[in-house]
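For reference, the structure is listed below as structure tokens.
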Number of protein chains: 2
Amino acid sequence: MKRKNIRDVAREANVSISTVSHALNETRYVKEETKQKIKKIAKKLNYRPSAIAKGLRKKSINTVAIFVANIESQFFSKVTMGINKIANANNYHTIMVNTFYDEDEEEKIIESLRNQFIDGAIFVSGLNNVDCIKKLDEEKFPFVLVTRKINDRYPSILIDNMKAMEETIDYLANFGHRKIGYLTMDYQNRQTVTERFLGYKKGLKKNKLGYDSSIVLIGENKMIDEMKKGYILVRETFRNKEAPTAMIAATDNLAAGAYTAFKELDLKIPQDISIVGFDNLPMSRFLDPPLTTIKQPKEKLGSCAMEMLIKLIRSEEIRQNIQILDTAITERGSVTYPSK
Amino acid sequence: MKRKNIRDVAREANVSISTVSHALNETRYVKEETKQKIKKIAKKLNYRPSAIAKGLRKKSINTVAIFVANIESQFFSKVTMGINKIANANNYHTIMVNTFYDEDEEEKIIESLRNQFIDGAIFVSGLNNVDCIKKLDEEKFPFVLVTRKINDRYPSILIDNMKAMEETIDYLANFGHRKIGYLTMDYQNRQTVTERFLGYKKGLKKNKLGYDSSIVLIGENKMIDEMKKGYILVRETFRNKEAPTAMIAATDNLAAGAYTAFKELDLKIPQDISIVGFDNLPMSRFLDPPLTTIKQPKEKLGSCAMEMLIKLIRSEEIRQNIQILDTAITERGSVTYPSK
DNA sequence: CGTTTCGTAGAAAACGTTTCCTAGAAATCG
DNA sequence: CGATTTCTAGGAAACGTTTTCTACGAAACG
């Protein structure tokens with residue numbers, strides 16, 4: 001049983017193709033009687049207009065791509081949810097591309113998607129693959145960056161990582177902490193992580209605290225499992241060395257790993273060591289003790305991005321290219337006054 | 001600057017459209033010299049063949065849909081990763097549909113995607129929306145179910161939830177536990193959860209342990225946050241009632257919530273209460289103590305599904321419609337002998 | 001030297017829509 | 001009653017490919 005097309009409907013209804021199209025899409029007046037007849041027949045034949053043919057004519061199949069580095073991270077999945085909600089509401093489909101932090105892969109896929117197939121793209125965090133983005137811009141291909149800024153012109157939805165980190169140092173300093181360690185990864189190609197690190201340094205300076213490289217733990221890029229990385233780094237580093245009184249982790253996942261390590265080292269959280277995370281992942285509330293962490297509006301990041309992208313696609317004016325959403329420290333149980 | 005099409009290339013190269021097509025796709029012999037010239041010109045003009053036009057002609061744009069209930073869950077995201085890997089390797093794009101466990105929504109989207117736009121679909125877990133799937137089958141639309149079985153004929157990639165649960169009871173019984181509680185949710189429309197519950201009951205019977213409804217905690221469907229649900233259920237139930245010596249949670253997320261509650265109730269894990277989870281989510285290893293849990297091959301579920309789907313799309317023969325992958329108990333620190 | 005094969009490539013159909021252009025019949029107007 | 005407007009709707013172009021059909025000149029063959 002072959003798939004029916006618009007011609008089949010037209011024939012069966014004894015009208016022209018254009019009438020069928022207009023009747024079904026309500027794009028011009030068709031006599032009520034005829035319209036009903038056409039609709040009935042379309043239903044009877046189980047007619048489904050070909051989105052591809054329509055796309056060819058309309059030069060769009062209402063689809064955008066989402067580039068995420070690693071969908072497994074709950075940060076990315078939350079952002080994706082925000083994107084999808086707005087997309088659905090506006091009849092856009094989303095194609096998910098998981099780059100696994102691989103630049104070549106990313107570039108290859110961008111290339112392949114640019115075959116006039118996709119109306120726009122959202123890059124969530126991800127890499128510093130600037131060239132690729134530049135090319136897109138030159139071709140006036142609509143895109144939005146999330147949590148990633150290249151210049152003041154490219155549309156971006158951001159949070160202020162530096163400021164958030166600075167405030168975290170303020171926060172810890174207010175508790176009386178003077179030795180504040182840092183736990184991060186060496187993703188040279190990931191902006192957020194870099195910015196947070198800069199914020200840490202700036203915060204130290206602002207609070208007149210010296211930078212002490214011996215309590216700054218940086219994991220190499222190889223290992224993808226952040227929790228494990230945090231665990232190993234902390235365990236190895238503070239096995240024979242005194243730990244600071246507070247530790248900031250660049251992500252909640254790193255913090256979770258650190259929790260396990262500190263417990264193994266018989267350091268009580270928060271009595272012996274205060275910990276602050278970043279991201280406010282769902283599990284952070286259920287760590288023991290609940291993790292104090294920096295909350296960012298993950299879903300909002302996604303929805304704002306998609307809203308902006310739609311405007312770009314429709315060539316509507318956008319008020320501001322760069323939108324910065326608020327972060328906030330979520331106080332839970334992993335921070336207290338230093339014991340000494 | 002208008003987008004170039006194949007005609008532009010042909011004109012510039014002084015050859016016919018078909019020659020350009022053949023040269024670029026290597027679909028028939030074209031004189032080497034001509035071919036190089038065409039390729040050079042195509043590059044110069046920044047020509048990108050329209051995937052949509054190609055799709056119209058070829059009746060496919062190499063795209064499949066993934067239906068997941070909630071991408072935020074790391075189970076789903078892992079499965080998605082498995083799917084994407086195989087998809088990428090085979091030049092398929094994937095469209096992500098997040099149903100948020102909403103049947104109507106799901107159905108609506110399936111409808112809209114069936115516009116000859118999509119070559120097939122993978123349904124990951126999700127709902128018991130049988131009608132919809134049946135319709136797809138009747139229309140010979142290729143699909144694969146993951147972690148969800150409707151009948152012996154529909155292609156499915158499964159794990160044996162019942163068996164896994166039974167084995168878990170065996171495992172706990174071997175430790176000497178006689179009072180084994182259960183923590184689950186009342187998702188009537190979600191198969192996995194139902195099957196696990198059945199497995200629990202069957203395991204009890206097999207080990208000659210009575211079913212005691214007072215230690216079976218069932219959360220209502222409303223609250224989506226499983227961790228929170230686990231937390232509240234355990235806390236409320238065992239506030240004034242004696243807890244069992246062991247507790248099985250239908251998911252790691254529920255277990256994580258239970259951890260917090262038991263700690264609040266001053267029950268030590270595993271000394272006072274042994275806990276077993278299900279899913280082996282990344283965080284389970286970093287709970288305190290590390291959670292003993294049932295591992296399922298999440299990525300493998302996805303990759304097997306996509307491999308099967310590709311075969312279905314290509315109308316290749318598939319050896320078995322139903323594939324059952326192995327689960328295994330991952331022993332960590334949350335189970336020990338009962339203290340009394 | 002006529003016929004077949006080979007190397008090369010163009011013309012046009014087809015994919016299934018949307019939409020522009022055109023137009024007849026009926027109704028309204030002056 | 002002729003001119004204009006209003007309903008109603010058909011024909012065909014266009015979207016950008018792939019692919020089938022066709023063909024021409026040159027080389028090989030007998």
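So that the names make sense, note that chain A is the first sequence line, chain B the second, and so on, each numbered from 1.
- The base of C:dA11 sits within donor-acceptor range of the side chain of B:Ser18, with an N or O pair under 3.5 Å.
- Remark: B:Lys4 is not in phosphate contact with D:dG16, judged by side-chain N or O atoms under 4.0 Å from OP1 or OP2.
- B:Leu24 places its CG atom 12 Å from the C1' atom of D:dT17, with the value rounded to the nearest Å.
- With ring centers used as reference points, B:His93 lies under 6.0 Å from A:Phe117.
- Sequence order on DNA chain D of the closest nucleotides to A:Val15 and B:Thr27 puts A:Val15 first from the 5' end.
- B:Lys59 has no side-chain polar atom (N or O) that falls below the 4.0 Å cut-off from OP1 or OP2 of D:dT18.
- The side chain of B:Tyr29 contributes an N or O atom lying less than 4.0 Å from OP1 or OP2 of C:dT8.
- Contact annotation: A:Asn25 reaches the phosphate of C:dT18 (side-chain N/O to OP1 or OP2, under 4.0 Å).
- Listed nucleotides: D:dA9, D:dT17, D:dT20. Nearest to the side chain of B:Pro49: D:dT17.
- Residue-to-nucleotide contacts include no donor-acceptor pair under 3.5 Å from the side chain of B:Arg57 to the base of D:dT17.
- Evaluation of atom-type donor-acceptor distances gives no pair under 3.5 Å for the side chain of A:Arg11 against the base of D:dG10.
- Residues B:Ser50 and A:Thr19 each lie close to DNA chain D; by heavy-atom proximity, the contact nearer the 5' end of the strand is made by A:Thr19.
- In this structure, A:Tyr47 places its OH atom 7 Å from C1' of C:dG16, rounding to the nearest Å.
- Taking 4.0 Å as the cut-off between side-chain N and carboxylate O, B:Lys85 and B:Glu307 do not count as a salt-bridged pair.
- A:Asn5 and A:Arg3 share no donor-acceptor pair across their side chains, judged by distance under 3.5 Å alone.
- The residues A:Lys35 and A:Glu26 are annotated as salt-bridged, a charged nitrogen and a carboxylate oxygen being separated by less than 4.0 angstrom.
- Using a 4.0 Å heavy-atom criterion, one finds that A:Ile52 contacts no nucleic acid atom at all.
- Between B:Lys134 and B:Asp137 no salt bridge is recorded (no basic side-chain N to carboxylate O distance below 4.0 Å).
- For A:Ser21, a side-chain nitrogen or oxygen approaches OP1 or OP2 of C:dT18 to under 4.0 Å.
- Of the candidate nucleotides C:dA9, D:dG16, D:dA9, D:dA9 has the atom nearest to the side chain of A:Lys31.
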